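Predicted model, so just to flag it, every value in this text is computed and none were measured.
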Amino acid sequence: MCARSRPRTDHEHRIVSVFESERQFLTVAEVRDRLTSAGRSTRLATVYQCVKRLVEAGVLERVAIRPSTAVYGLRPACGSGHRLVCSECALVVDADDDEVTTWVAQTAALHGFMITDSSVLLSGTCAACAPPLPATAECR
């Protein structure tokens, strides 16, 4: 049976509650805004510290959108979390499917690895942020 570590402090519990209710990846500032909206005003530094501890404990995962921007989300309980991430708007989409899982297992076996925890992160631009495709001549 797979399970995540549990938050230890009241602040950590509140932060995890935000992620459980939102079911999406958020910046630390967005987490603080959600807490404030719920009447739980919390200093940004406190949210940063709690999020850091929750990442270290395996409760949350960090996804770098750009070198200076990261978003956070609940880590899957069983240790895999394949994602597509938009480098423009920070949309993160689960990409867990049989093909990715098979590819991970085959690649590990090819190199003599036994996978205990896997995540594949593919960065790009979502359909909403992608520039329109140029009109091209008909293919021959």
Side-chain angles (χ1 to χ4, degrees):
M1 181 178 161
C2 299
R4 280 193 291 268
S5 298
R6 300 183 69 75
R8 296 177 309 182
T9 68
D10 287 342
H11 286 301
E12 290 176 4
H13 280 282
R14 286 187 211 124
I15 289 168
V16 169
S17 295
V18 168
F19 286 104
E20 288 172 342
S21 66
E22 294 285 327
R23 307 302 292 171
Q24 65 183 5
F25 282 69
L26 302 166
T27 65
V28 170
E30 289 171 331
V31 172
R32 192 218 30 211
D33 291 347
R34 302 304 195 281
L35 291 169
T36 301
S37 294
R40 301 282 190 170
S41 186
T42 307
R43 293 178 334 134
L44 188 59
T46 301
V47 178
Y48 269 109
Q49 292 167 354
C50 290
V51 165
K52 182 177 184 271
R53 284 193 305 267
L54 290 165
V55 168
E56 290 168 354
V59 176
L60 297 179
E61 65 179 309
R62 179 184 188 276
V63 174
I65 303 302
R66 291 178 284 283
S68 62
T69 306
V71 291
Y72 301 86
L74 288 174
R75 184 172 176 80
C78 291
S80 71
H82 311 309
R83 310 271 193 246
L84 298 166
V85 60
C86 179
S87 57
E88 296 297 318
C89 70
L91 174 68
V92 179
V93 177
D94 287 330
D96 284 323
D97 64 26
D98 292 338
E99 289 182 37
V100 175
T101 302
T102 300
W103 174 80
V104 168
Q106 290 173 343
T107 303
L110 179 67
H111 297 285
F113 277 73
M114 184 175 97
I115 300 297
T116 57
D117 183 16
S118 74
S119 65
V120 174
L121 180 65
L122 302 169
S123 296
T125 311
C126 72
C129 294
L133 294 174
T136 60
E138 188 175 308
C139 296
R140 297 177 200 238

Distance (rounded to the nearest 0.5 Å) between [X] [atom1] and [Y] [atom2]:
X: F19; Y: E30; atom1: CZ; atom2: CD; value: 9.0 Å
X: I15; Y: D10; atom1: CD1; atom2: CG; value: 11.0 Å
X: L35; Y: H11; atom1: CG; atom2: NE2; value: 9.5 Å
X: C129; Y: L91; atom1: SG; atom2: CG; value: 8.0 Å

Within a strict 4.5 Å, meaning less than it, do heavy atoms of the [X] and [Y] side chains meet?
X: V92; Y: Q24; value: no
X: R43; Y: Y48; value: no
X: V104; Y: H82; value: yes
X: Y72; Y: V28; value: yes

Start with the C-alpha gap between V59 and R75, add the side-chain angles, then the distance that decides, and say whether side chain to side chain contact (heavy atoms under 4.5 Å, CB included) holds. CA-CA 6 Å; V59 176; R75 184 172 176 80; over 6 Å; no

Compare every heavy atom of [Y] with every heavy atom of [X], then report the nearest pair and how far apart it is.
X: I115; Y: A108; answer: CG1-CB, 3.3 Å
X: S87; Y: T125; answer: OG-OG1, 4.3 Å
X: S41; Y: T36; answer: CA-OG1, 4.0 Å
X: C86; Y: I65; answer: O-CG2, 3.7 Å
X: R83; Y: L74; answer: NH2-O, 3.8 Å

Counting only heavy atoms not in R53, do more than 12 sit closer than 6.0 Å to its CZ atom?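 It does: R53 CZ has more than 12 such atoms within range.
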
Could you walk me through whether R14 and T9 pass the side chain to side chain contact (heavy atoms under 4.5 Å, CB included) test, one step at a time? CA-CA 9 Å; R14 286 187 211 124; T9 68; over 6 Å; no

Any side-chain to backbone donor/acceptor pair from [X] onto [Y]? Under 3.5 Å, distance only.
X: E12; Y: R8; value: yes
X: T107; Y: A105; value: no
X: S17; Y: H13; value: yes

Assess whether a salt bridge exists between E56 and K52, defined as any Lys/Arg side-chain N lying under 4.0 Å from an Asp/Glu carboxylate O.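 A salt bridge links E56 with K52.
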
Determine, using the 4.5 Å side-chain heavy-atom cutoff (strictly less than), whether L122 and W103 are members of one ILVMFWY cluster.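 Yes; W103 is reachable from L122 via cluster members.
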
